[in-house]
Every structure is written in C-alpha cells, then in structure tokens.
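The analysis underlying the following values was restricted to heavy atoms, covering all of them including side chains, and did not include hydrogens, waters or symmetry mates. A quick note: this is a predicted structure, and the numbers were derived from the prediction, not measured.
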Amino acid sequence: MSSPLLVGTVRPLRARATPTPTPALTPAPAASPSWFRETAPSAFVAEAVVARWVGVGGWDRTLRVLPDGCADLVWSADGLIVVGARAEPQRFPVAADHRNVGLRLCPGAGRAVLGVALDDLPPGAVPAVDLWGREAARLEDRLHDARDDDHRHELLERHVAARLDGGGRGVDPAVLAAVRLLRRRSAHDRVHRVSVTRTAADVGLSPRELRRRFATDVGYGPKTLQRVLRFRDVVHDLRPGASLADLAARHGYADQSHLGRECRALSGSSPARLLALRARATSHPGSP
C-alpha cells in the first residue's frame, strides 16, 4: 500500500529513537546523499510483508514518518527494532553513517509477526529483544554478519516466515480481507463515506468484532485506517500548483478546511506546508 512520500523530507526510515535537537529539515551535503529504495518482498512472505526497504541517512537529522497503517522491522548498526503503526506522525533520528534495512509489514499482519497486540506497542522504536529475548539477539548477530542488504532481507523474511509458522494464531484472514476492502473502497469511493458496518458484514464479522480485531492486529480501528489510507492518497497527489479545494473534493473531504484539519492531525503540517516541503526536498535529490 506504500505510496510515494515527500522525498528527502518524510521517509519511512526507522532508527532507534533518542532525544535529538537536530532539525527535521537540513539540506543534505552534496557529498553525502540520503537515499531510500523499496523492493518487492519474497513470495513466501507476501501475505504479511508489503515491501523490503533500505535507507541511508547521508547526514545527521531527524526524519518525520507519516502514518501508513504498517508496522516495520528495522535493522541498523544499533540493532533490531520494531516500529508499530500509528495514526500520527513519528520522528526518528537518523545518523549519517547508518544503513537502515527493513521490512514493512502489511496492515493486519503485525500481531501475527510480532507476537504482541499492536495497540499495546508504545510509540516510537521498541528493541526487538524486549519482545523476543534471545531469539532477537541471535537474529541481530546474523544480521550484523550478513554479507549484504539482500542477505539481511532474506534473514528478516525467514524470521517472519518462522514466526508465522510457529503455531500461533497466524494472520487473521478476515482482518486482511477487511483491509483490502477499505483500501479499495477508499480509492474508488472517495465522495461517499466507506461504511465500516458494510465492510464488517462483507467479511463475516460484527462491527464490534471487526474493531476489536483491528485494534490488536492493525493497531487502531478500521475507521482510523480508512482516514490514514485516504490521507496517503492525498500525499500521493500533492503536486506544485495543485488546487487544495479540488484535492479535497477529489478525495471525499467535506471541504478544504476538512482536508487541512486531517492533514495537520495525521502529518503535523498543513497541506500547503507539505507542498512546500516537497518542493524543497526535490531540490536535494537522493540517489537510487
């Protein structure tokens, strides 16, 4: 479900969260480009993994991460961490010399992979050893010794597959089906509000049961995921010169003010500010 982000400004990099005064927007030194690359996961984990990704900091600063409904497994020199799905922007320090290698988990697959309810995860980065103990420590050692990023992705994917096959409850097919319906309906039925009641009925659950399962498997309710998905579509369509009123109407917001409120709640910035950040960021292109 990933869509293009504000390149160079808002990236799905997850690093260990520590207090830092580094401003969120510092132009990259030309000799130290920051870049981010995303590729498809292996077929044997495609049900639970949206994408493999790699990012290089380039220079020390804090990056803002916009909501996308996904949780992440992230390895860097600091170790292996987990980042849960949130309905508000998160900020993470990224070191110039750190290479972040991660898997983005499908909305609805997080609890099956991580072994904890997503609504129990605190904001920010959670060390994997806090969740899996020695199992995570052994995986960190293998990741550290891996020959390259492809090998690290393979190790992470094997770990995901082992946890899915480990005798737990597994990925909830009703939740995954509801996520697909909400995504499709958010994209194609932008003017009319998508009914959670209808979506629950389509997957054979009551609205209350769907909300309960979403809380544990996604991290928040289906209505919140619907808001996040719609906002991601807006971010995808943000272009210099775009009419915010037209953008609001196209994506089913009541008016431009409604779009502005949602944008501030989910990103921390107004639509106009996000447009300005995109224009600024694209003047400092990354690499691959």
Quick one, Arg61 and Leu63 - any side-chain contact, counting heavy atoms below 4.5 Å? yes

Search all heavy atoms of Glu209 against all heavy atoms of Leu205 and return the closest pair with its distance. CG-CD2, 4.0 Å

What distance do Asp217 atom CG and Leu176 atom CG have between them, rounded to the nearest 0.5 Å? 8.0 Å

Is the side chain of Arg111 donor-acceptor paired with the backbone N or O of Phe214 at a distance under 3.5 Å, no angle test? no

Within the structure provided, determine whether Glu154 and Arg52 are in side-chain contact (heavy-atom separation under 4.5 Å). yes

When rounded to the nearest 0.5 angstrom, what is the spacing between CG in Leu73 and CG in Leu103? 6.0 Å

How far does CG of Leu181 sit from CD of Gln226, to the nearest 0.5 angstrom? 12.0 Å

Passes ring pair (Phe, Tyr, Trp, His ring centres under 6.0 Å), His159 versus Trp132? Steps please. CA-CA 11 Å; His159 181 75; Trp132 308 324; 4.6 Å; yes

Within a strict 4.5 Å, meaning less than it, do heavy atoms of the Val54 and His153 side chains meet? yes

Search all heavy atoms of Gly268 against all heavy atoms of Pro89 and return the closest pair with its distance. N-CG, 3.9 Å

So, do Leu259 and His251 sit near enough that their side-chain heavy atoms are less than 4.5 Å apart? no

Before accepting this row, confirm whether a basic side-chain N of the pair Arg152/Asp149 lies closer than 4.0 Å to the acidic partner's carboxylate O. yes

Verify, without hydrogens or angle tests, whether Ser270 (side chain) and Gly260 (backbone) share a donor-acceptor contact under 3.5 angstrom. no

Taking atom types as modelled and ignoring hydrogens, do the side chains of Arg273 and Ser267 form a donor-acceptor contact shorter than 3.5 angstrom? no

Scanning both residues in full, the closest heavy-atom pair of Gly108 with Val218 reads N-CG2, 3.7 Å

I need the minimum non-hydrogen distance between Gly69 and Leu225, along with the two atoms involved. CA-CD1, 4.1 Å

Those residues that, when tested against Glu88, pass side chain to side chain donor-acceptor pair (under 3.5 Å) (two or more places apart): Arg86

I'd like to know whether Val94 forms a side chain to side chain contact (heavy atoms under 4.5 Å, CB included) with Trp59, so could you lay out the CA-CA distance, the side-chain angles of the two residues, the decisive distance to 0.1 Å, and finally the verdict. CA-CA 8 Å; Val94 175; Trp59 73 101; over 6 Å; no

Atom pair CG/CD of Leu80 and Glu140 - distance to nearest 0.5 Å: 5.5 Å

Can Arg64 be said to sit on top of Phe92's aromatic six-ring, NZ or CZ under 6.0 Å from centre and within 45° of the ring axis? no

Would Val49 and Cys106 count as a side chain to side chain contact (heavy atoms under 4.5 Å, CB included) if you check the C-alpha gap in whole Å, the side-chain angles of each, and the deciding distance to 0.1 Å? CA-CA 5 Å; Val49 179; Cys106 300; 5.5 Å; no

Taking everything shown except His151 itself, do over 12 heavy atoms lie less than 6.0 Å from its NE2? yes

Least distance between heavy atoms, Val56 atom then Ser34 atom: O-OG, 3.2 Å

Backbone N or O of Gly252 within a donor-acceptor pair of the Arg230 side chain at under 3.5 Å? yes

When rounded to the nearest 0.5 Å, the distance separating NZ of Lys223 from OG of Ser195 is 7.0 Å

For Arg163 and Val113, indicate whether the former's side chain and the latter's backbone hold a donor-acceptor pair under 3.5 Å. yes

Just distance, no hydrogens or angles: give the donor-acceptor pairs under 3.5 Å from side chains in residues 116-130, sequence neighbours left out.
none

Euclidean distance, Arg184 CZ relative to Thr199 OG1, rounded to 0.5 Å: 9.5 Å

Do the side chains of Asp72 and Val82 get nearer than 4.5 Å, heavy atoms only? no

Is the closest side-chain heavy-atom distance between Asn100 and Ser76 below 4.5 Å? yes

Side-chain contact test, heavy atoms from C-beta onward, threshold under 4.5 Å: evaluate it for Arg232 versus Pro67 and give yes or no. no

Step-by-step side chain to side chain contact (heavy atoms under 4.5 Å, CB included) determination, Leu266 to Leu66: CA-CA 7 Å; Leu266 294 171; Leu66 301 185; over 6 Å; no

Check the pair Arg104 / Asp68 against side chain to side chain contact (heavy atoms under 4.5 Å, CB included), numbers first and verdict last. CA-CA 10 Å; Arg104 183 169 301 112; Asp68 61 4; 3.5 Å; yes

Locate the shortest heavy-atom distance separating His144 from Trp75; write the atom from each residue and the value. CA-CZ2, 3.8 Å

Keeping the roles fixed (side chain from Thr224, backbone from Tyr220), state whether a donor-acceptor pair exists under 3.5 Å. no

Sub-4.5 Å side-chain heavy-atom contact between Arg158 and Val45: no

Is there a donor-acceptor contact under 3.5 Å from the side chain of Glu38 to the main chain of Ala51? no

